[in-house]
Number of protein chains: 2
Amino acid sequence: MVRKPAKSGMKADAKVASTRKPNMREAILAAAEELFSTYGFNAVSVRDIAQAAGANPGSVTYHFKTKDGLLLEIYRRHCGPMNRRRSELLAAARRVRDLQDRLEAIVRAYVLPAFTSGSDLTGGGTRFTRLRAIMSAEGNEVVRKIIAQTFDDTSHAFIDAIHESLPHIPRTDLVWRGHFLLGALYYTLVTPERISRLSRGSADGTDAGHAIEELVRATVAALQAAPVDQGAPAPRKAPGVSLGRMLT
Amino acid sequence: MVRKPAKSGMKADAKVASTRKPNMREAILAAAEELFSTYGFNAVSVRDIAQAAGANPGSVTYHFKTKDGLLLEIYRRHCGPMNRRRSELLAAARRVRDLQDRLEAIVRAYVLPAFTSGSDLTGGGTRFTRLRAIMSAEGNEVVRKIIAQTFDDTSHAFIDAIHESLPHIPRTDLVWRGHFLLGALYYTLVTPERISRLSRGSADGTDAGHAIEELVRATVAALQAAPVDQGAPAPRKAPGVSLGRMLT
DNA sequence: TGAATATTTGGACGATAGTACAAATATGGT
DNA sequence: ACCATATTTGTACTATCGTCCAAATATTCA
């Protein structure tokens, strides 16, 4: 990480300029979370984190042993609350009578905790989700295990709930579409400025509330679409340009 | 990058083991493309690339001057053919009479070139698209300019074409949904094994043909969904769990 | 062929990476 | 106040990074 021209004359820390350092461990965690979720794991050095937290590089080693350990602790910190909140919202959504409303509630229960945090509300949710997005792209090995252990259960629970609302759609299609939802969610958090650019200013990609509504609306419609029956050939007349499966 | 136990005894290259080195520049480009699209830009060193190409690290500097220059050249190599192909398919799609079929053809014209390459067909398309996905997550500065210059025109052309097929949907919603498509596309290429895992083996995330069909089906449905009118409050009765905009 | 050019090689440079460790300092219980 | 413990500091180590460069080698064309 190179950024920051760094005005000379400052005392070399700055940070939030509130109380000095009531808990350095927390400051390091917060700084690491912010930097990792912005520039990725590989692009940020331990020294970058220490400086942003107003700490000494050695302190990072003391509290978290390794850089991987620091990342691991960030995940531990967030996974619990986020999945607990998701379970609560999912349970509430399951109790909705109307089938259409229930489906929407389920999707909302999946999306919402990704934008809001259990503990601190100041963008903590989007920050951690953005981190997860970047980590999945970088293919970090430390994270891959946590993902499979912590998130797959939740994903299965949601897919099952959706399948209950849409019994006529094969589970396979629902897996694909749920996957698309997560991809869309991640991409929106990683490059929100693209929304603003392409809409020529008439939309704000960083508006979490709007993003949620768009995500929910699009996903519910996608989930309800007719399934893609894999075995059978094109059932209707040639759909416009005919370039069906010409690869792999 | 650390990977590879590296069997001792080999001559330190291996590579594809076809003809020796007819064009080292191409070999370096191919190796860089493969490594970048797998591990990301930051995690791969120039030495990694040189070794994978059976070249000397100095050769990389000679041909591409800097590591950024190498990345730039990869983009230059692919952007032209891919966008040309997209334009062709889009033009063909626009000529489809039936409105429903036309919409599907347009979406297909957007998705298909991301999976197939103009020049070499051996996964070249998915490899470059996966690279773009990772680069957008890593927030690489060199790439950001190319994106805005090269891809925004194409994106606008597709959004406009979609808007013609769906005049009653505000452009803003179509921007969001097109954005979701790209995110879903990227995420599918970056973590295809998640599809296989969650579907418990009944689906293969690396099956490009299937992925395209699922993407097209889901996206067409999402595009056709009723717009999210931002100003107005919830039009229907409380949609299940009532947690509308409680953030930002 | 021979000279001009293009490419490859191997080694080196300074910068920065993650981590370790002993000394210095802050903290809390008695 | 004192001591045991927890934390912070400064520094140092080794490894690897991107890039550079002169010498060696391959290629091309008059």
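Naming: A, B, ... by sequence-line order, numbering from 1 per chain.
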Nucleotide [N], atom [atom2] - distance to [atom1] of [X] in whole Å:
X	N	atom1	atom2	value
B:Ile28	D:dT19	CD1	P	14 Å
B:Arg25	C:dT7	CZ	C1'	13 Å
A:Lys65	C:dA20	NZ	C1'	8 Å
B:Phe41	D:dC17	CZ	C1'	12 Å
B:Glu26	C:dT8	CD	P	12 Å
B:Asn42	C:dA17	CG	P	12 Å
B:Arg47	C:dA12	CZ	C1'	10 Å
B:Asp48	D:dA15	CG	P	17 Å

*Is the NZ or CZ atom of B:Arg86 both under 6.0 Å from the centre of the six-membered ring of B:Tyr110 and within 45° of that ring's axis?*
yes
*asked:* Report for the helix from C:dT1-D:dA30 to C:dT30-D:dA1: angle between first-end and last-end helix axes, five pairs each, rounded to 10 degrees.
replied: 20°
*Steps toward side-chain contact (heavy atoms from CB on, under 4.5 Å) verdict (B:Ile195, A:Trp176)*: CA-CA 7 Å; B:Ile195 292 282; A:Trp176 279 100; 3.7 Å; yes
Judged by modelled atom types alone, do [X] and [Y] share a side-chain donor-acceptor pair under 3.5 Å?
X	Y	result
B:Ser202	A:Thr172	yes
A:Ser136	A:Arg144	no
A:Thr206	A:Asp204	yes

*Does a side-chain N or O from A:Asn56 land closer than 4.0 Å to OP1 or OP2 of D:dG10, or not?*
yes
*Just compare C:dT8, D:dT19, C:dG18 and give me whichever is closest to any side-chain atom of B:Met24.*
C:dT8
_Side chain of A:Ser45, heavy atoms from C-beta onward: which of C:dA17, D:dT19, D:dC17 has the nearest atom to it?_
C:dA17
*Angle class for the A:His179/B:Tyr187 ring planes (parallel below 30°, perpendicular above 60°, tilted otherwise)?*
parallel
*Compute the centroid of each ring, for B:Tyr186 and then for A:Tyr186, and state whether the two points are separated by less than 6.0 Å.*
no
*salt bridge (Lys or Arg N to Asp or Glu O under 4.0 Å): pairs with one or both residues in residues 179-203 of chain A, sequence neighbours excluded*: A:Arg197-B:Asp152
*Listed in order of residue number, which residues of residues 57-64 of chain A have a non-hydrogen atom at under 4.0 Å from DNA chain D?*
A:Gly58, A:Ser59, A:Tyr62, A:His63
*When you look at A:Glu33 and A:His78, which way does the side-chain contact (heavy atoms from CB on, under 4.5 Å) test go after all the steps?*
CA-CA 11 Å; A:Glu33 200 177 306; A:His78 282 84; 2.9 Å; yes
